[in-house]
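Working notes, structure below.
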Amino acid sequence: MRVLLVLLMLITTKSISQEITLKGIIVNEKEIPVPYVNIGIVDKAVGTVTNTKGEFTLYIDPLDNKSTLKVSCLGFESKIISIDALEKKEIITIQLLEKIEELDEVLVLPKKTKKHEVGSTKTETSRSVNFSLTNKKNQNLGAEIGKRFKLKKRTSNFLEEFSFYINKNTFESIKCRINIYAVKKNKPAHKINKENIIVNIAKHQKGWIDVDLTVYDIITNNDVIIAVEWIDYTGDKRSRLSLPITIPSLFATHYYKFGSQSQWKKYKNISSAMKLKFEN
């Protein structure tokens with residue numbers, strides 16, 4: 001009887017600790033797969049990003065089975081779904097509805113403008129910030145590293161070029177997304193770019209990565225936070241991607257987001273090697 005009880009306890013413990021695996025695809029109203037969608041547990045560093053075919057795999061601790069998933073993508077309405085409503089499905093299909101965007105106020109640049117460059121150009125530092133890898137493929141996609149840029153307020157600022165510096169890269173290939181946020185309570189708020197800004201980084205590519213923003217017609221009259229989001233890669237868990245940071249860097253603000261739907265962490269007096277060119 002005692003042996004039977006022990007066996008039952010072992011079986012129960014194993015079933016309780018068994019990891020939840022969610023596999024699925026995210027589509028639009030026309031059943032077309034949507035690439036690079038953020039999906040993860042709300043406010044936790046558990047999340048991923050769909051691939052080019054809209055597919056995802058997400059591994060969840062059984063203790064989080066009562067938590068909720070958030071699915072979000074530029075141009076679509078976000079969706080909140082309970083995990084326990086999904087875990088019994090072999091393949092999950094989540095449909096996103098297109099978001100009707102309100103037209104922004106038209107900002108007109110004066111005929112004569114001045115060009116500016118702000119940010120940190122210091123790359124020779126002893127410290128770095130990493131896009132870390134987990135033991136399970138793609139489970140930290142959606143992580144972001146960002147920096148606040150002070151622009152001239154109450155003036156139309158046209159964003160021309162964003163650059164970030166890579167000091168370590170041992171991946172076969174990397175795909176990043178550049179997100180440009182409005183600032184609210186000194187943290188990233190809504191995105192002000194209306195299109196995905198995707199950057200492809202070649203094998204072992206390092207140095208400054210320049211991103212042309214002129215084609216996106218981004219004009220703002222306030223400060224912005226610009227972040228580099230990790231959305232795809234080829235390589236193994238021993239590979240590394242890092243950006244140099246300067247500590248201390250007075251009055252600078254560094255931001256890190258550990259997963260697709262996690263909260264932003266803010267670090268004062270730290271600066272990552274990022275710069276922004278704009279005109280007004």
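Residue numbers count from 1 along this sequence.
A donor and an acceptor atom, one from each side chain of Thr48 and Asn138, are nowhere located under 3.5 Å apart. With hydrogens and angles left out, the side-chain atoms of Asn193 and Arg177 include no donor and acceptor closer than 3.5 Å. Using modelled atom types and a 3.5 Å distance limit, the side chains of Glu172 and Thr234 yield no donor-acceptor pair. Checked by atom type, the side-chain pair Asn167/Ser128 shows a donor-acceptor distance below 3.5 Å. Lys147 and Ser271 share a donor-acceptor pair across their side chains, judged by distance under 3.5 Å alone. Side chains of Asn269 and Ser249: no donor on one and acceptor on the other come within 3.5 Å. Residues Arg240 and Asn130 have side chains that bring a donor and an acceptor to within less than 3.5 angstrom of each other.
Transitive grouping of hydrophobic side chains (ILVMFWY, heavy atoms separated by less than 4.5 Å) brings Val118 and Ile178 into a common cluster. One hydrophobic cluster, built from ILVMFWY side chains closer than 4.5 Å, cannot hold both Leu22 and Ile25; they sit in different ones. Note on Ile60: it clusters hydrophobically with Ile92, by side-chain heavy-atom contacts below 4.5 Å among ILVMFWY residues. Tracing side-chain contacts under 4.5 Å through hydrophobic residues (I, L, V, M, F, W, Y), one never reaches Ile225 starting from Phe162; they form parts of separate clusters.
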Taking only distance into account, with no hydrogens and no angle test, what donor-acceptor pairs under 3.5 Å do side-chain atoms of residues 68-82 form with protein atoms, sequence neighbours excluded?
from  : atom 1 : to     : atom 2 : distance (Å)
Ser72 : OG     : Gln261 : NE2    : 3.0
Lys79 : NZ     : Gln95  : O      : 2.5
Ser82 : OG     : Asp84  : OD1    : 3.0

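Side chain of Thr125 to backbone of Arg127: a donor-acceptor contact under 3.5 angstrom is found. Without hydrogens or angle criteria, Arg148 side chain to Lys187 main chain gives no donor-acceptor distance under 3.5 Å. Side-chain atoms of Thr50 come within 3.5 Å of backbone atoms of Val34 as a donor-acceptor pair (strictly under, hydrogens ignored). Distance alone, capped at 3.5 Å, places no donor-acceptor pair between the Asn38 side chain and the Val49 backbone. For the pair Ser260 (side chain) and Val46 (backbone), a donor-acceptor distance under 3.5 Å is absent. Here the side chain of Asn280 pairs no donor or acceptor atom with the backbone of Thr155 at under 3.5 angstrom. A distance-only check finds a donor-acceptor pair linking the side chain of Asn51 to the backbone of Lys53 [under 3.5 Å].
Atom OG1 of Thr113 sits about 11.0 Å away from atom CG of Asn157, to the nearest 0.5 Å. Of the inter-residue distances, the one linking Ile180 atom CD1 with Ile192 atom CD1 reads 6.0 Å to the nearest 0.5 angstrom.
Taking a 6.0 Å sphere around NZ of Lys266, one finds it holds more than 12 heavy atoms contributed by other residues, nucleotides or ligands. Within a 6.0 Å radius of NZ in Lys89, no more than 12 heavy atoms belonging to other residues, nucleotides or ligands are found. Atom CD of Glu31 has more than 12 neighbouring heavy atoms from other residues, nucleotides or ligands inside a 6.0 Å radius.
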side-chain hydrogen bond (donor to acceptor under 3.5 Å, both in side chains) between Asn169 and Gln205, worked out: CA-CA 6 Å; Asn169 174 17; Gln205 183 178 356; over 6 Å; no
Test side-chain hydrogen bond (donor to acceptor under 3.5 Å, both in side chains) applied to Asn200 and Lys175, step by step: CA-CA 5 Å; Asn200 293 300; Lys175 197 180 292 287; 2.6 Å; yes
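The side-chain hydrogen bond (donor to acceptor under 3.5 Å, both in side chains) test applied to Tyr233 returns no partner, not counting sequence neighbours. For His116, the ring pair (Phe, Tyr, Trp, His ring centres under 6.0 Å) partners are Phe278, not counting sequence neighbours. Shown here are the salt bridge (Lys or Arg N to Asp or Glu O under 4.0 Å) partners of Asp217, two or more places apart in sequence or in another chain: there are none. Remark: Tyr181 pairs with Trp264 by the ring pair (Phe, Tyr, Trp, His ring centres under 6.0 Å) rule, at least two apart or across chains.
Listed by first and then second residue, the ring pair (Phe, Tyr, Trp, His ring centres under 6.0 Å) pairs that reach into residues 117-146 are Phe131-Trp230, sequence neighbours excluded.
The pair Lys277-Glu160 fails the salt-bridge criterion, with no side-chain N (NZ, NE, NH1 or NH2) lying under 4.0 Å from an Asp/Glu carboxylate O.
For the side-chain contact (heavy atoms from CB on, under 4.5 Å) test with Leu159, the passing option among Ile219, Thr214, Ile218 is Ile218; the others fail.
Nearest heavy atoms, Pro244 versus Tyr165: CD-O, 3.4 Å.
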